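Here the structure is a predicted model, which is why all the values come from computation and not from measurement.
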Amino acid sequence: MNFQKMCFVTAMTLLVSGPAAAALIDFEDVGSLPGGGLGDNDALTDQYEASDGVTFDGAFIEKSGEADANPQGFLNDQNSDYDQQFLASPGLGDWFVRTGGEVGSRGGNGVYLSIIYSTAVNAASGQIWDIDGNNSQGTEQWDVRAYNGANLIDSMLSPVGSTNGAGSLDGLPWTFNLSGAAFNRIDFVFTGTKDSGVGLGFDNFNTSSVTVPEPGTLALLGLGLVGTFVARRRKA
């Protein structure tokens, strides 16, 4: 295959794998969900089942930056505020999902959140926010696992949150990608060392696609391939 054709095939492959195929749930529409909508601290269960084919177990809707009573989603030590992304970090929006309860209420399995599909998929992605820790309380870490029944299909382990503030994921997102054979459930399992103050902040859920470059990134990549081809032709 000559270089020009290789550039074209590469660019087209990236374009057809773009985010349009994904069903994105960013929870910004919670106020208008079936049944009258949801507000801060309301339980999220099957409200997205009809539209997106997913049911949540262990999820509660949380307002970003809301100074409501406990429980909160997370504390951003860099901003000294609850449920607030760090500076201009993109993506949290006005609403996200938090979990409820402490480590001891998990029955020993560490599962804080489960997402159950009505129809199996082959890929999914999303964001966990504010994975941090400190010397006095311990670490935070999450194992995101995709199952088909009892069979583990894929899993992804987050970084260990051992510090907060600058240089950590404090107030920032970590993105997971799952793919492989068909799966119908995702479990979020806590594997850190903390025994209190543990909660999961979850947002920007692609129900059936992994995270790929944004359209602007793809356009830049396409231009880069064209530029490389032109430079190669000129050199020749």
Between [X] and [Y], what is the shortest heavy-atom contact and its length?
X: Ala182; Y: Ala120; value: CB-CB, 3.9 Å
X: Gly149; Y: Asn184; value: N-OD1, 3.3 Å
X: Val121; Y: Ser208; value: CG1-CB, 4.0 Å
X: Ala124; Y: Tyr117; value: CB-OH, 3.5 Å
X: Ala59; Y: Leu113; value: CB-CD1, 3.7 Å

If we ignore hydrogens and angles and just use 3.5 Å, is the side chain of [X] paired with the main-chain N or O of [Y] as donor and acceptor?
X: Thr99; Y: Leu200; value: yes
X: Asp187; Y: Val189; value: no
X: Asp26; Y: Asn204; value: no
X: Asn134; Y: Ser136; value: yes
X: Ser125; Y: Asn177; value: no
X: Glu62; Y: Val97; value: no
X: Glu49; Y: Gln47; value: no

>> For a side-chain contact (heavy atoms from CB on, under 4.5 Å) check, start with the C-alpha distance between Ile186 and Val144, then their side-chain angles and the critical distance, and finish with the verdict.
In response: CA-CA 7 Å; Ile186 301 174; Val144 188; 3.7 Å; yes
Set of residues satisfying side-chain contact (heavy atoms from CB on, under 4.5 Å) with respect to [X], sequence neighbours excluded:
X: Ala181; result: Ile153
X: Asp57; result: Ser114, Ile116
X: Pro34; result: none

> Mind checking what makes side-chain hydrogen bond (donor to acceptor under 3.5 Å, both in side chains) contact with Thr55, not counting sequence neighbours?
Replying inline: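 side-chain hydrogen bond (donor to acceptor under 3.5 Å, both in side chains) list for Thr55, sorted by chain: empty.
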> By side-chain hydrogen bond (donor to acceptor under 3.5 Å, both in side chains), which residues pair with Thr139, not counting sequence neighbours?
Replying inline: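 side-chain hydrogen bond (donor to acceptor under 3.5 Å, both in side chains) list for Thr139, sorted by chain: Thr193.
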If you measure from [atom1] on [X] to [atom2] on [Y], what distance do you get to the nearest 0.5 Å?
X: Phe27; Y: Phe96; atom1: CZ; atom2: CZ; answer: 10.5 Å
X: Ser64; Y: Asp40; atom1: OG; atom2: CG; answer: 9.5 Å
X: Asn206; Y: Leu24; atom1: CG; atom2: CG; answer: 5.0 Å
X: Ser158; Y: Phe188; atom1: OG; atom2: CZ; answer: 11.5 Å
X: Ile131; Y: Trp174; atom1: CD1; atom2: CH2; answer: 6.0 Å
X: Ile25; Y: Asp52; atom1: CD1; atom2: CG; answer: 4.0 Å

>> Checking one residue: Leu152. Which other hydrophobic residues are in its cluster under the side-chain 4.5 Å linking rule?
In response: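 Cluster partners of Leu152: Tyr147.
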>> Could you check whether Arg98 and Asn41, counting side-chain N and O atoms only, form a donor-acceptor pair closer than 3.5 Å?
In response: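 Present: a donor and an acceptor within the cut-off.
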>> What I want to check is whether the side chains of Gln127 and Asp203 have a donor and an acceptor closer together than 3.5 Å.
In response: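 There is no such pair between these side chains.
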> Would a hydrophobic clustering, with Ile, Leu, Val, Met, Phe, Trp and Tyr connected at side-chain separations under 4.5 Å, put Val160 with Val198?
Replying inline: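 Different hydrophobic clusters.
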> Phe56 and Thr45: side-chain contact (heavy atoms from CB on, under 4.5 Å), yes or no, with the steps?
Replying inline: CA-CA 5 Å; Phe56 294 82; Thr45 55; 5.9 Å; no
> Who passes ring pair (Phe, Tyr, Trp, His ring centres under 6.0 Å) against Phe60, sequence neighbours left out?
Replying inline: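 Scan of Phe60 (ring pair (Phe, Tyr, Trp, His ring centres under 6.0 Å), adjacent residues dropped) gives none.
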>> Among residues at least two apart in sequence or on other chains, which ones pass ring pair (Phe, Tyr, Trp, His ring centres under 6.0 Å) with Phe205?
In response: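 With sequence neighbours excluded, Phe205 shows a ring pair (Phe, Tyr, Trp, His ring centres under 6.0 Å) to Phe202, given in chain and number order.
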> Is there any side-chain hydrogen bond (donor to acceptor under 3.5 Å, both in side chains) pair reaching into residues 27-36, and which pairs are they, with sequence neighbours excluded?
Replying inline: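 Of all non-adjacent pairs touching residues 27-36, those that pass side-chain hydrogen bond (donor to acceptor under 3.5 Å, both in side chains) are Asp29-Tyr48.
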> Does Trp95 reach the side chain of Lys63, with side-chain heavy atoms less than 4.5 Å apart?
Replying inline: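 The answer is yes; the side chains approach within 4.5 Å.
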>> Centroid separation under 6.0 Å, is that true for the rings of Trp142 and Phe176?
In response: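 No; Trp142 has its ring centre 6.0 Å or more from that of Phe176.
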> With sequence neighbours left out, which residue pairs that include part of residues 138-147 fulfil the salt bridge (Lys or Arg N to Asp or Glu O under 4.0 Å) condition?
Replying inline: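 Residue pairs with at least one partner in residues 138-147: Glu140-Lys194, Asp143-Arg145.
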>> Which residues pass the salt bridge (charged side-chain N to carboxylate O under 4.0 Å, His left out) test with Asp154, not counting sequence neighbours?
In response: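 Asp154 satisfies salt bridge (charged side-chain N to carboxylate O under 4.0 Å, His left out) with no other residue.
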> Can you list every ring-ring contact (aromatic ring centres under 6.0 Å, His included) pair that touches residues 28-47, not counting sequence neighbours?
Replying inline: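 Listed by first then second residue: nothing to list.
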